Amino acid sequence: MRAAVRTGWRIGAAAALRGRAGRPLSQAAGEGGEAEGGGGGSGSREAVERLVREHPVVVFMKGSPAQPLCGFSNAVVQILRLHGVEDYRAHDVLQDPDLRQGIKNYSNWPTIPQVYLNGEFVGGCDILLQMHQNGDLVEELKKLGIRSALLDAEKDQEKK
């Protein structure tokens, strides 16, 4: 499996780190195709807690999955896309300064993007990239009932 992860990394996530966005995600941002702003402008701990727990995969980012506004947010979107994760909630912190600060306070992590799996803070782009490279992301997604697309790519490689 690690070979498939490395292959997938070379094919997809490397492009993300160079800033090339892939196809738009139809389900990634919830209804309407735009990333959600952040619960009425509230950055309170309770409001952030609700957002973090609203879905198994939640990303706080700059921009939307269809149009990330920084390279690190783009890389997170590309890594999730590479694994076939299209059903997640994305919140654009640039639309709500209170949310931007609130999520940093909530996680005690100073940077954006931030990724949450099943309500638990995973980390930012660097941590997600490391998990992708070492295969841990496949295992974490499996715990959420999400089958990584890289597993299917590995099966296809084995057939050849």
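Heavy-atom basis, side chains included; hydrogens, waters and symmetry copies ignored. Bear in mind the structure is a predicted one, so any value in this text is a computation, not a measurement.
With a 4.5 Å cut-off on side-chain heavy atoms, Val122 and Met131 count as touching. A heavy-atom distance below 4.5 Å is found between the side chains of Pro68 and Met61.
Atom CZ of residue Phe72 and atom CG of residue Asp126 lie 8.0 Å apart, to the nearest 0.5 angstrom. The distance from the CG atom of Asn118 to the CG atom of Leu144 is 5.0 Å, given to the nearest 0.5 Å. Between the CG atom of Leu137 and the CD atom of Glu139 there is a distance of 10.0 Å, given to the nearest 0.5 Å. Distance check: Leu150 CG to Leu82 CG gives 4.5 Å after rounding to the nearest 0.5 Å. Note: Gln67 CD to Lys62 NZ = 15.0 Å, rounded to the nearest 0.5 Å.
By the criterion of side-chain heavy atoms lying less than 4.5 angstrom apart, applied directly or through intervening Ile, Leu, Val, Met, Phe, Trp or Tyr residues, Leu69 is not grouped with Ile112; the two fall into different hydrophobic clusters. There is no path of hydrophobic side-chain contacts, each under 4.5 Å, that joins Val76 to Leu94.
Contact record, Cys125 with Ala75: SG-CB, 3.6 Å, taken as the closest heavy-atom pair. Leu141 and Ser148 get closest at one heavy-atom pair: CD1-CB, 4.5 Å. Shown here for Gly43 and Val48, the closest heavy-atom pair between the two residues is O-CG2, 3.8 Å. Annotation for Val58 and Leu51: closest pair CG2-O, 3.6 Å, computed over non-hydrogen atoms. What you find for Val52 and Gly119 is that their closest heavy atoms are CG1-O, 3.4 Å.
In this structure, Ser107 contributes its side chain and Ile103 its backbone to a donor-acceptor pair below 3.5 Å. A donor-acceptor pair is defined here as one N or O able to donate and one able to accept, closer than 3.5 Å; no such pair exists between the side chain of Glu140 and the backbone of Leu117.
Applying the side chain to side chain donor-acceptor pair (under 3.5 Å) criterion to Asn105, with sequence neighbours excluded, gives Gln101. Remark: Gln130 pairs with no residue by the side chain to side chain donor-acceptor pair (under 3.5 Å) rule, at least two apart or across chains.
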Yes or no on side-chain contact (heavy atoms from CB on, under 4.5 Å) for Gln114 and Lys104, after CA distance, side-chain angles and deciding distance? CA-CA 9 Å; Gln114 293 187 17; Lys104 291 177 183 181; 4.2 Å; yes
Audit row: His132, His83, side-chain contact (heavy atoms from CB on, under 4.5 Å) steps and yes/no: CA-CA 9 Å; His132 165 71; His83 286 268; 2.7 Å; yes
I'd like to know whether Asp87 forms a side-chain contact (heavy atoms from CB on, under 4.5 Å) with Ile146, so could you lay out the CA-CA distance, the side-chain angles of the two residues, the decisive distance to 0.1 Å, and finally the verdict. CA-CA 10 Å; Asp87 183 18; Ile146 301 171; over 6 Å; no
Applying side-chain contact (heavy atoms from CB on, under 4.5 Å), run through Gln133 and Leu129 and close with a yes or a no. CA-CA 6 Å; Gln133 289 174 325; Leu129 177 58; 4.1 Å; yes
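A side-chain donor from one of Glu54 and His91 sits under 3.5 Å from a side-chain acceptor of the other.
Ring pair Phe121/Tyr116 is tilted by interplanar angle, where 30° to 60° counts as tilted.
With respect to Glu49 and Arg45, no salt bridge is recorded, no charged nitrogen being found less than 4.0 Å from a carboxylate O.
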